[in-house]
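Working notes, structure below.
Per chain, numbering begins at 1; letters A, B, ... match sequence-line order.
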Amino acid sequence: MPELPEVEVVRRGLAAWVAGRQVMDVDVHDARSLRRHEPSPGSDPGNPADAPTQPDPTPFARGEDFRARLRGRTLQEPQRRGKYLWLPLDSADSALLIHLGMSGQVLVEDRAAAAEKHLKISLDLSARPGAPEQLRFVDQRIFGGMQVTRLIAADHASGAVPAPVAHIAADPFETAADPSADERLFRALRRRRSGLKRALLDQSLISGIGNIYADEALWRAGLHFARRTETVTRDETSRLLTAARAVMSAALEAGGTSFDSLYVNVNGASGYFSRSLQAYGQAGGECSRCAVDGRSAGVIQRAKFMGRSSYWCPVCQPRPRNGRW
DNA sequence: TCTAGAACCTGTGTGC
DNA sequence: TGCACACAGGTTCTAG
């Protein structure tokens with residue numbers, strides 16, 4: 001499942017293979033992967049001047065507009081915020097925005113390579129010696145997608161960001177060198193009235209964290225997923241941020257987490273971090289930290305939370321009583 | 001205004 | 001063997 005480390009692996013692949021190349025042609029095989037693409041003249045839903053030319057464009061019109069706005073453009077150095085990835089276009093005011101959703105893949109392949117079963121969009125790129133000619137977007141569950149969108153100034157960014165990304169908060173890597181980041185997150189959590197994991201998954205609060213790394217960061221920090229945000233301390237917030245950075249750095253080094261063929265890098269290779277997971281997917285297994293500490297080892301539990309699975313150790317991540325400790 | 005849950009989507013695994 | 005159902009989860013929308 002692509003979260004921040006997996007998206008960063010893809011971004012690095014695109015930087016190596018795609019940046020600086022011109023889009024010669026575009027094939028939209030399934031316009032459902034363009035459902036967030038708004039036809040010209042703009043894609044900023046908050047700007048009346050950028051209202052779509054049609055209130056509900058047909059899939060065909062969406063695909064034609066997407067194609068027209070990419071053909072002949074040169075793709076610039078790929079950028080990332082949280083789980084969003086974009087390639088600025090040489091027009092300087094717009095970008096090709098990509099979200100992988102749950103099962104999206106961005107592949108760089110030869111044009112002659114057989115089409116993947118769930119191939120949604122393909123871009124023919126200008127020739128470069130030794131480099132494949134095609135950029136492909138493959139998506140089994142169609143939660144991800146591509147769109148061409150305007151770049152706008154963002155107050156927390158060093159440069160412009162696509163309009164749909166403007167509400168996304170900085171990710172744990174972006175704030176690693178910012179000494180005030182822990183305090184900002186602490187105050188934001190205290191203002192909330194929800195469970196800690198729900199807050200971690202809110203991309204407008206902190207970005208890049210999904211279900212897997214939320215469980216891993218909470219395990220490392222020794223905090224229960226249902227802990228109320230209004231009760232967390234500064235120390236616990238710092239522990240959580242440090243844990244999130246550590247687990248995602250380790251995942252990045254391992255090439256990301258691949259449980260099946262749903263996540264691969266641009267060359268089609270899987271990551272290996274699934275072997276290092278301590279909580280997520282480990283239900284029934286002994287907690288490695290409890291065993292090392294010499295305490296009676298807890299057994300990793302699984303519970304439904306927010307319509308998805310959460311994993312935790314009942315010994316070192318005790319469940320809060322009545323929402324508090 | 002904020003929180004929580006539903007909907008979107010399809011391949012895989014399980015039970016009958 | 002074939003069918004029905006549950007499950008996986010990131011984002012957006014809607015109801016309360």
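- Listed candidates were dT3(B), dG10(C), dT12(C). Nearest to the side chain of Glu3(A) is dG10(C).
- In terms of position along DNA chain C, the nucleotide closest to Arg141(A) lies nearer the 5' end than the nucleotide closest to the other residue of the pair His99(A) and Arg141(A).
- Here dC9(B) is the nucleotide among dT12(C), dG10(C), dC9(B) with the atom lying nearest to any side-chain atom of Arg32(A).
- You'll find a donor-acceptor pair under 3.5 Å spanning the side chain of Arg308(A) and the base of dG10(C), going by distance alone.
- Stacking of Arg289(A) on the aromatic ring of Trp219(A) is recorded, both the 6.0 Å distance cut-off and the 45° axial limit being met.
- Protein atom CG of Asp171(A) is 16 Å distant from nucleotide atom P of dG10(C), rounded to whole Å.
- The distance between atom CG of Leu201(A) and atom C1' of dT3(B), rounded to the nearest whole Å, is 14 Å.
- In summary, of the residues considered (Arg32(A), Gln140(A), His29(A)), a side-chain contact (heavy atoms from CB on, under 4.5 Å) with Lys120(A) occurs for Arg32(A) alone.
- Out of dC9(B), dT12(C), dT11(C), the shortest distance to the side chain of Lys83(A) is found at dT11(C).
- Rounded to an integer number of Å, the gap from His118(A) NE2 to dG11(B) P is 4 Å.
- Applying the 6.0 Å contact sphere to CZ of Arg187(A) captures no more than 12 heavy atoms from other residues, nucleotides or ligands.
- Residue Met102(A) contributes atom CE, which lies 12 Å from atom C1' of dC8(B) at whole-angstrom precision.
- Between dG5(B), dT10(B), dG10(C), one nucleotide has an atom nearer to the side chain of Ile142(A) than all others, and that is dT10(B).
- The CD-P distance, from Gln105(A) to dT10(B), rounds to 16 Å in whole Å.
- Going from atom CG of Asp139(A) over to atom P of dT11(C) covers 13 Å, rounded to whole Å.
- Here dT3(B) is the nucleotide among dG11(B), dC9(B), dT3(B) with the atom lying nearest to any side-chain atom of Ser194(A).
- Using modelled atom types, one finds a donor on one side chain and an acceptor on the other under 3.5 Å when comparing Tyr213(A) with Glu6(A).
- For Gln140(A) and dC7(C), the CD to C1' distance is 13 Å, given to the nearest whole Å.
- Close to dT3(B), at under 4.0 Å from its OP1 or OP2, lies a side-chain N or O of Arg192(A).
- Nucleic acid contact for Phe305(A): none, since no nucleic acid atom lies under 4.0 Å from a heavy atom of the residue.
- What separates CZ of Arg36(A) from C1' of dT12(C) is a distance of 7 Å, to the nearest Å.
- Closest to the side chain of Gln203(A), from the set dT11(C), dT3(B), dC9(B), is dT11(C).
- Residue Ser103(A) is out of contact with every strand shown, counting any heavy-atom pair closer than 4.0 Å.
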